[in-house]
There are 2 protein chains.
Amino acid sequence: MGEFELIGHYFASAACAQAGDGVALGIGDDCALLDVPAGEQLAVSTDTLVAGVHFPHNPDPCLLAQRALAVSVSDLAAMGATPLGFTLALTLEAANADWLRAFAQGLDQMARACSVSLIGGDTTRGPLSLTLTVFGRTPRGLALTRSGAQVGDLLCVGGCLGDAAGALPLVLGQRSDDSAAAKALLQQYWSPQPQLSLGQALRGNASAALDISDGLLADCGHIAAASRVCLQIELAKVPLSTSLQVFVDAETARNCALSGGDDYVLAFTLPEARLAPLQEQGLSIHVIGKVLAGQGVKLVDAQGQEIIQAKGGYQHFGSSGG
Amino acid sequence: MGEFELIGHYFASAACAQAGDGVALGIGDDCALLDVPAGEQLAVSTDTLVAGVHFPHNPDPCLLAQRALAVSVSDLAAMGATPLGFTLALTLEAANADWLRAFAQGLDQMARACSVSLIGGDTTRGPLSLTLTVFGRTPRGLALTRSGAQVGDLLCVGGCLGDAAGALPLVLGQRSDDSAAAKALLQQYWSPQPQLSLGQALRGNASAALDISDGLLADCGHIAAASRVCLQIELAKVPLSTSLQVFVDAETARNCALSGGDDYVLAFTLPEARLAPLQEQGLSIHVIGKVLAGQGVKLVDAQGQEIIQAKGGYQHFGSSGG
């Protein structure tokens with residue numbers, strides 16, 4: 001048995017590979033088998049992270065695994081789906097036992113936090129990259145898409161924005177800081193928490209939703225295009241964490257929140273009547289604007305005056321594709 | 001919009017991305033949505049192919065796409081599943097329009113041949129590699145696994161073995177030959193045909209099944225281990241194509257068929273009484289041995305004498321994982 005086949009066996013015995021609800025057959029055969037209850041649909045999303053493009057070379061393997069799984073599960077949150085399982089395709093330069101142990105530990109922690117099981121995968125030799133495919137289930141016809149925003153709806157986000165982008169100088173080693181604020185930002189970068197409960201609560205309530213990966217402005221642009229409406233954002237209402245405001249100046253904080261990306265916080269539109277019942281459930285919902293007739297994204301001040309041109313969002317760490 | 005985002009849009013408009021049966025929502029949102037009929041299960045498999053490991057550097061993009069999709073869909077055939085859709089995570093050094101056009105064309109041809117739709121994916125910059133995740137459906141409880149082989153069952157394969165391994169010197173540029181035999185072997189290497197009809201016909205009939213990727217001996221070893229039995233193979237019954245026998249000497253042909261791998265032909269075990277009805281359907285079934293009590297794989301001559309030690313199968317093109 002080759003070392004890379006051994007790695008497969010290693011993951012197969014990981015805690016997060018123990019079949020959970022809905023996993024009829026896990027790792028070890030030609031395919032895994034999932035049960036999708038009658039009346040539900042299966043939600044599927046695939047994301048690839050490449051060393052030097054989506055994360056620095058030589059990352060902490062535990063943090064890398066947490067981030068990779070969280071980024072993928074966040075797409076399930078954006079659809080209002082309940083996680084079922086995921087496959088991991090891991091390409092590695094070499095098999096290193098310490099590295100793999102730490103990676104599996106990070107994977108396991110995030111899998112437990114998201115109630116999702118590893119159901120299959122492939123381990124190959126090559127330049128470090130990961131492709132995760134995640135599976136969830138939603139009641140048929142109730143998945144949240146990008147295309148249903150209606151004129152008059154509120155525009156909301158599920159939490160503070162810009163922390164991950166604020167952490168980039170730390171991630172890249174351009175700045176060193178062990179303050180509580182720096183640690184909090186790094187935590188948001190490496191270990192974002194997919195907003196699964198919020199997404200599930202938005203089913204049947206939100207008219208459109210997605211998770212913010214490209215940056216608030218760019219992702220609101222995606223909802224606006226898919227729904228053929230204009231999204232107006234009131235700048236002062238965009239929530240910023242105390243950590244971000246302590247760590248960077250006000251203009252940088254604003255840029256991080258508008259265009260930084262990698263937030264993995266939900267953005268969604270909501271008929272106004274649905275807001276109070278959701279807030280009464282204790283959900284984190286920040287109203288930041290509204291849906292207008294028209295197209296694109298409009299950034300305004302408290303008086304409704306347009307204050308800057310909406311630009312395209314940041315395109316992930318280190319990407320030159322942008 | 002960056003060039004890699006443009007590539008995503010390019011694939012989204014490809015013919016094979018048009019939603020088919022069972023695809024409720026295709027490319028373009030945070031997740032795709034699949035409908036799994038009541039009483040059925042979803043089969044899922046993930047495979048990664050890395051340049052220089054699983055295929056040569058600078059491959060023909062059309063052939064690469066065909067092979068990548070066929071290799072993945074073959075796992076669905078091995079479970080007896082009916083294909084629904086697939087996701088493609090494509091990592092590329094650079095975006096080249098001609099390359100992408102040829103790749104999409106190959107993908108489209110194989111997707112049509114397998115009746116499977118592209119439902120999502122991710123395109124990133126980095127060293128060339130592909131991860132495909134394929135989805136199929138099977139009636140609940142009828143998927144073919146590796147673990148059900150029973151003592152007394154026949155051991156069968158769905159076609160000739162060794163052609164892809166025989167083609168390797170051509171693929172690697174170590175040998176040049178434009179004979180009909182060479183072309184036939186290359187065709188098997190680059191464009192294997194997943195045995196979907198055979199797999200579906202084996203549901204409720206075969207006791208165990210898989211697709212041969214590591215080589216006949218190694219993969220029979222996987223069934224033997226999962227089913228806790230011994231698989232006995234009669235060497236003279238292993239089917240070889242005329243092309244392979246013309247292209248290489250008899251011993252090389254035998255080694256290619258036993259240990260070469262990359263066949264993507266089904267191997268399965270079958271109660272003897274099930275054989276004739278399946279053959280009457282015109283299915284390609286070659287009986288090559290039988291299931292005995294014991295463990296491992298035993299290679300015998302026509303008199304039942306063990307003739308060579310069963311060795312571990314070949315581990316894919318160029319792999320040093322050993």
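In what follows, chains carry the letters A, B, and so on, assigned in the order in which the sequence lines appear, proteins first and then strands, with residues in each chain numbered from 1. All values derive from a computational prediction rather than experimental measurement.
Interface summary for chain A: among Pro37(B), Ala81(B), Ala43(B), the most heavy-atom pairs under 4.5 angstrom belong to Ala43(B). Between chain A and the residues Val50(B), Val36(B), Thr48(B), Thr87(B), the most heavy-atom pairs under 4.5 angstrom are made by Thr48(B).
At a threshold of 4.5 Å between non-hydrogen side-chain atoms, the residues Leu132(A) and Val71(A) do not count as touching. No side-chain heavy atom of Val73(A) sits under 4.5 Å from any side-chain heavy atom of Phe86(A). Residues Leu130(B) and Arg67(B) form no side-chain contact, since every pair of their non-hydrogen atoms from C-beta on lies 4.5 Å or further apart.
Looking at Arg140(A), the atoms closer than 4.5 Å to chain B (heavy atoms on both sides) all sit in the side chain, from C-beta outward. Heavy atoms of Thr145(A) lying under 4.5 Å from chain B belong to its backbone as well as its side chain. Neither the backbone nor the side chain of Leu49(A) comes within contact range of chain B; no heavy atoms are under 4.5 Å apart. With a threshold of 4.5 angstrom between heavy atoms, Ala209(B) approaches chain A through N, CA, C or O but not through any side-chain atom.
A donor-acceptor distance shorter than 3.5 angstrom exists from the side chain of Asp219(A) to the backbone of Ser213(A), with no hydrogens or angles considered.
Partners of Ser129(A) by side-chain hydrogen bond (donor to acceptor under 3.5 Å, both in side chains), not counting sequence neighbours: none found.
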